[in-house]
Amino acid sequence: MTRPLTGKQRRHLRALAHHLDPVIQIGNAGVTEGFLAELGRALHTHELVKVRVGTESPITATDSVLPIETGTKSQVAQVIGRTLIVYRRRQKDPKIVLPKEAGKK
């Protein structure tokens with residue numbers, strides 16, 4: 001399991017994601033295996049993605065956090081309205097460098 005994101009790291013990810021458009025949407029089927037597989041591919045490619053929860057979705061953005069985090073081994077940096085910012089660091093050649101934790105070097 002990865003370490004939880006600190007407040008400073010969340011702020012950094014939110015700033016990076018500000019200009020991004022949602023790349024995947026949770027539809028009327030909710031968080032399915034197909035959705036998680038597609039999100040996993042998007043995270044592998046981009047590391048940081050926005051996910052939109054459709055109005056017809058049976059699950060709210062807040063309720064979708066746990067299934068997304070466990071299903072893709074990622075972390076949700078922010079939930080705002082019907083939009084989530086999801087982050088998963090690439091093991092090989094990561095593009096996003098998170099700020100260090102306070103007191104760590």
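For the single chain, residues carry numbers from 1 onward in sequence order.
Residue pairs meeting the side chain to side chain donor-acceptor pair (under 3.5 Å) criterion with at least one member in residues 40-50, sequence neighbours excluded: E38-R41.
Listed by chain and number, the residues in a side-chain hydrogen bond (donor to acceptor under 3.5 Å, both in side chains) with T72 are S74 (sequence neighbours excluded).
One finds the CD atom of Q75 at 8.5 Å from the CG atom of L98 (value rounded to the nearest 0.5 Å). Atom CG of L84 sits about 6.0 Å away from atom CD1 of I26, to the nearest 0.5 Å. The distance from atom OG1 of T6 to atom CZ of R11, rounded to the nearest 0.5 Å, is 7.5 Å.
Using a 4.5 Å cut-off between side-chain heavy atoms of Ile, Leu, Val, Met, Phe, Trp and Tyr, with links allowed through other members, V23 and L48 fall into different hydrophobic clusters. I85 and I96 fall within the same hydrophobic cluster, defined by Ile, Leu, Val, Met, Phe, Trp and Tyr side-chain heavy atoms under 4.5 Å apart, directly or through other members. Both V76 and L43 belong to a single network of hydrophobic side chains, linked directly or stepwise wherever heavy atoms of I, L, V, M, F, W or Y lie under 4.5 Å apart. Hydrophobic clustering of Ile, Leu, Val, Met, Phe, Trp and Tyr side chains at less than 4.5 Å, counting indirect connections, keeps V51 apart from L5.
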Hey, mind stepping through V49 and L20 against side-chain contact (heavy atoms from CB on, under 4.5 Å) and telling me if it holds? CA-CA 7 Å; V49 296; L20 298 177; over 6 Å; no
Test log, rule side-chain contact (heavy atoms from CB on, under 4.5 Å), inputs L13 and Q78: CA-CA 9 Å; L13 292 172; Q78 182 181 31; over 6 Å; no
Stepwise, does the side-chain contact (heavy atoms from CB on, under 4.5 Å) test hold for Y87 with L16? CA-CA 11 Å; Y87 169 73; L16 292 175; over 6 Å; no
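No donor-acceptor pair closer than 3.5 Å links the side chain of R88 to the backbone N or O of E69. Between the side chain of R82 and the backbone N or O of A61 there is no donor-acceptor pair closer than 3.5 Å. With Q9 contributing its side chain and P99 its backbone, the two residues share a donor-acceptor pair below 3.5 Å.
Atom CD of E56 has more than 12 neighbouring heavy atoms from other residues, nucleotides or ligands inside a 6.0 Å radius.
Contact between I59 and V53 at its shortest, heavy atoms only, is O-CG1, 3.4 Å.
The side-chain contact (heavy atoms from CB on, under 4.5 Å) test with V31 singles out one residue from P58, S64, S57, and that residue is S64.
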